[in-house]
Number of protein chains: 2
Amino acid sequence: MTTNGASTRRAELLGIAAELFAARGFRATTVRDIADAAGILSGSLYHHFDSKESMVDEILSTFQTQLFAEYDAVLASDDDARTKLERLVRISFDAIDRNRPAVAIFQNDAAVLAEDDRFDYLRAHNERFRTMWTELIDEGTRSGALRDDLDPVLTYRFIRDTVWVAVAWYRPGGQFSASEVADQYLSILLDGLGAR
Amino acid sequence: MTTNGASTRRAELLGIAAELFAARGFRATTVRDIADAAGILSGSLYHHFDSKESMVDEILSTFQTQLFAEYDAVLASDDDARTKLERLVRISFDAIDRNRPAVAIFQNDAAVLAEDDRFDYLRAHNERFRTMWTELIDEGTRSGALRDDLDPVLTYRFIRDTVWVAVAWYRPGGQFSASEVADQYLSILLDGLGAR
DNA sequence: GTCTATAAACTGATAGAC
DNA sequence: GTCTATCAGTTTATAGAC
C-alpha cells in the first residue's frame, strides 16, 4: 500500500511460516507448505527470502531481541529478588501470548538449529538466560525470600521449564488470559500445591 | 545368538532408531541415518520393519503399555491421594531414566503423529492420562491434602508438564539420579520455592 | 540378515518471463 | 511480486541376488 508495502508482505509471509514451523516443526515444513498457505508458488518465496533457513533465523532473532529488551528493563530496576522473579515470569507468559509461534519454534527446534554456526546466537541466548535466572535465584536465596534447601541448578530448570512449556497448550483467547495463567503458575511455583 | 537372535537384532535397531528420533526428531531422521548408525544399508532395514513409521509406532506403543501398567498398580492401591501423587511422579521420572528416547519422542513428535489414524492410541493415552491426574487432583482437594483455590485444569497441566519436560535435560548417570530429581521436584511442587 | 540396484516422489532452490 | 519451468539432490521403499 504505502512505502512499506513490500515489508508488510514480508512480515505476512514470515507470520505464515512461523505458524507452520510451530505446528509441524521446521524440518517437516516444506517451502511448498508455506507458499500454499500464502496462496503463492514456492519459487515466489525466494523473492522475499534467501532460504527457508533465513526465514526461521529472522523469526527467532527478532523474537529474542524483543524478549531480552523486556528482561533487561526488569533486571535494571531496584525491585527485590522476589518481585523481579514474578515480573520475569509474567513477561515470559506475555511473550507466549503475543508471539506464540516464535516461542514454540524456540522450544522445539532451537537445539538442532543451534548446531549450525549461523545460529550461534541461540546458544548465547541460552547462556544469558541461564545466568540471569541463576543470579536471581541466588539473590533470592541469600535475602531469605526463597528456600535455601534446594539445588540452584534444578531450581533454575524447574522455573525455566514450567514457564515455557505452557506454549504447548496455551492459546490466546482461551479460558484464561496470559496474566491469569501467570497468577496461578506463580502461586504454585512460590507456595506449592500442598494445603497449609 | 539363541532362538531369539532375530528379535535381539530387531530390538537393537529399534534402540538406535529411538535415540536418533529423540535427538533429531522423527521427520528429520532419515532411514539412511538409522542404517548408517547401525552399520548397514538403508534397504536392509526393511527386512526388519515395514516402514519408518512402523518403527516409531513400535517404540511409542511399547513404552505406553509399560508405563500404564505401572500407573495402574498405583491407582489400584489404597494409598491416599498425596501418596499416589508422589508415586505417580516418581514413576514418571523413572520412565525418563529408563526409557528417555521414548519419552522424548512422545514429547516432541506425538502431537503431529497423532493426526494419523494409525496413532489413535496416542490420543487415547493422553485422554486416560488426563483423567487419571484430574481425578487424583480432585480427590486430593476434597480430602484437604491439596489447595482448593487453584483451577484444577491448570494444576493438572502444571504437574504433567513439569514432570515430562525434564526429559529435555535429564541424562542417566548425571549429577542427580532420577530419584533425587523426583525428590526435589516433588518438594517444589508441593511446598513451593518461597521461604516459609 | 545384508547388499546391489533402482524406482517414484519429494525438496530446496534458481533463471528468466510477465 | 508472482509465475513458468526446471534442476540437482534427497528420501522412502522395493525386488531380487548372495
Side-chain angles (χ1 to χ4, degrees), chain A residues 1-60 105 108-109 112-113 115-119, chain B residues 1-60 105 108-109 112-113 115-119:
Chain A
M1 310 291 176
T2 63
T3 51
N4 57 355
S7 64
T8 60
R9 179 58 169 160
R10 182 188 177 82
E12 191 182 353
L13 292 171
L14 217 47
I16 290 167
E19 290 284 359
L20 290 171
F21 291 155
R24 323 277 315 168
F26 173 70
R27 187 73 183 263
T29 302
T30 70
V31 291
R32 280 177 178 77
D33 290 337
I34 301 167
D36 284 352
I40 59 178
L41 291 182
S42 64
S44 304
L45 280 176
Y46 291 84
H47 173 73
H48 303 276
F49 305 98
D50 284 344
S51 64
K52 190 174 98 165
E53 228 177 34
S54 77
M55 291 189 218
V56 79
D57 194 341
E58 192 166 330
I59 292 165
L60 291 177
I105 297 165
N108 300 327
D109 294 307
V112 174
L113 290 173
E115 291 173 16
D116 191 319
D117 288 343
R118 167 173 200 160
F119 295 96
Chain B
M1 308 290 175
T2 62
T3 50
N4 57 355
S7 65
T8 61
R9 179 57 168 159
R10 183 188 176 82
E12 191 181 351
L13 293 171
L14 217 48
I16 290 166
E19 290 284 358
L20 290 171
F21 291 155
R24 322 278 314 169
F26 173 70
R27 187 72 183 264
T29 302
T30 70
V31 291
R32 276 182 179 77
D33 291 336
I34 301 167
D36 285 352
I40 59 178
L41 292 182
S42 63
S44 303
L45 280 176
Y46 291 84
H47 173 73
H48 301 278
F49 305 97
D50 284 344
S51 65
K52 192 175 97 164
E53 227 177 36
S54 76
M55 291 189 218
V56 78
D57 193 342
E58 190 165 332
I59 291 164
L60 291 177
I105 298 165
N108 300 327
D109 293 307
V112 175
L113 290 173
E115 291 173 16
D116 191 319
D117 287 344
R118 168 175 199 160
F119 294 96

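By convention in this document, chain letters (A, B, ...) are assigned in the order of the sequence lines, proteins followed by strands, and residues within each chain are numbered from 1.
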Is there side-chain contact between A/F21 and A/I34, with heavy atoms separated by less than 4.5 Å? yes
All N/O contacts under 3.5 Å from nucleotides 16-18 of chain D to the protein, with atom names and distances to one decimal?
none

Sub-3.5 Å donor-acceptor pair from the side chain of A/R24 to the main-chain atoms of B/V112, do we have one? no
Please confirm whether the shortest side-chain N or O distance from A/H47 to OP1 or OP2 of D/dT2 is below 4.0 Å. no
Would you say D/dG1 has OP1 or OP2 under 4.0 Å from some side-chain N or O of A/R10? no
Table of protein N/O atoms under 3.5 Å from nucleotides 4-11 of chain C N/O atoms:
from: C/dT11; atom 1: OP1; to: B/R27; atom 2: NH2; distance (Å): 3.3

Looking just at side-chain N and O atoms, do A/D33 and A/T30 make a donor-acceptor pair shorter than 3.5 Å? yes
Quick one: are B/L60 and B/D109 in side-chain contact, heavy atoms under 4.5 Å? no
Heavy-atom pair with the smallest gap, counting every atom of A/S51 and A/R118: OG-NH1, 4.1 Å
Would you please test B/H47 and B/R9 for side-chain contact (heavy atoms from CB on, under 4.5 Å) and show each step? CA-CA 11 Å; B/H47 173 73; B/R9 179 57 168 159; over 6 Å; no
Using only side-chain N and O atoms of A/Y46, determine if any of them is under 4.0 Å from OP1 or OP2 of C/dA13. yes
What do the steps show when you test B/V56 against B/L113 for side-chain contact (heavy atoms from CB on, under 4.5 Å), and what is the final call? CA-CA 9 Å; B/V56 78; B/L113 290 173; 4.1 Å; yes
